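Each remark here refers to the structure printed beneath this line.
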Amino acid sequence: MKYREWLAWARSFLQDKGCPDAEVDAWYLLEYAAGLSKAAYYLHMEDEADEAAMGGFRALVERRGSRVPLQYLTGTQEFMGLPFFVNEHVLIPRQDTELLAEEALKEVRKLPEQKKPHLVLDLCTGSGCILLSLLALSDGIEGVGADISEAALETAKKNAAALNLERRCRWVESDLFEKVRGTYSLIVSNPPYIASGELEELMPEVRDHEPRIALDGHEDGLYFYRKIIKSAPEYLAPGGSLFLEIGWDQRKAVQEMMEAAGFADVRVFRDYQGNDRMVTGRRKGLEEKRNCDIMERSI
Ligand code: GLN
């Protein structure tokens, strides 16, 4: 078969299987499996493809047809312009989450110079994409990435090594704060936040192939926010901030939890699609806290 015929086969096979980006995925897999870039394809499209070499391409297209995400087949996903290894033990980094990384980066750049290095904690770190992109794109910070999954942490460590950031981070296998020690200037997290009852409605790629423990936010999807928001003040330096990714319909609930827990400057950010996507808040500074105590006493 000619390359042109292989590409046409892949495209229609993926379309029949209901893959959302059949055309693009066929291109990516051809490039990945046969080393044929788009430019090379146009030069060689009428050449007979080497059958043996195309066996790998066929196998990948078939796996994509069973709705394995493209990124688990190629093993990588870009996030904040950086390459990350991914596999079925970690959530694939989403473009939506770049909002959190970008805003956290702005926050990091505002941290007082004289107190450097500042410590950043990433809870439910997964592939490590949030923490590692903060480390790669700023200096003066060091980080701790926590995750309950040992296999996820293995992936994060591999990413740290590939990005040459190993000396600036540590990884801890921990159920949220359980094994976390220290005081942080910034805590970031993209915890699991899909309500258990809604998991079945997700796309097959997500529902059947991404790790359930990275998605399942228990009964109402808010389980992890309750736990994180309750404990975060103990681990935040006075004036330190908590940045949380949220689901599009969780703004009110998470905002209220943050306010009830005494966070100041609680703010909500929208993603590029206009959906509420992140809530941030600041642990009150020592002065503010003292003023509050005095007010409370005088009332
Ligand atoms: N935003 C992800 C999704 O829609 C969910 C991420 C999460 O639960 N943290 O699949």
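Counting convention: from 1, in listed order, for ligands and their atoms alike. Note that the structure is a prediction, hence the values are computed from the model and not measured. All heavy atoms count here, side chains included; hydrogens, waters and symmetry mates do not.
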Requested in this report: Look at E205 together with R67 and state whether they make a salt bridge at an N to O cut-off of under 4.0 Å.
Outcome: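 Looking at E205 and R67, the cut-off is met.
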Requested in this report: For R94 and I92, indicate whether the former's side chain and the latter's backbone hold a donor-acceptor pair under 3.5 Å.
Outcome: yes
Requested in this report: For K227, enumerate each residue passing the salt bridge (charged side-chain N to carboxylate O under 4.0 Å, His left out) test, keeping only those at least two apart in sequence or located in another chain.
Outcome: none
Query raised in the report: In chain order, what residues pass the salt bridge (charged side-chain N to carboxylate O under 4.0 Å, His left out) check against R270, with sequence neighbours excluded?
Result: D276
Report summary line: Sorted by chain and number, sequence neighbours left out, side-chain contact (heavy atoms from CB on, under 4.5 Å) with A162 holds for F85
List of N/O pairs, ligand 1 versus protein, all under 3.5 Å?
residue, atom, partner, partner atom, Å
ligand 1, 1 (N), Y193, OH, 2.8
ligand 1, 8 (O), Y193, N, 3.0
ligand 1, 9 (N), N190, OD1, 2.8
ligand 1, 9 (N), P191, O, 2.7
ligand 1, 10 (O), R94, NH2, 2.8

Query raised in the report: Using the ring of each side chain (for Trp, its six-membered ring), is H218 parallel, tilted or perpendicular to F224, with breaks at 30° and 60°?
Result: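 Plane angle over 60°, so perpendicular.
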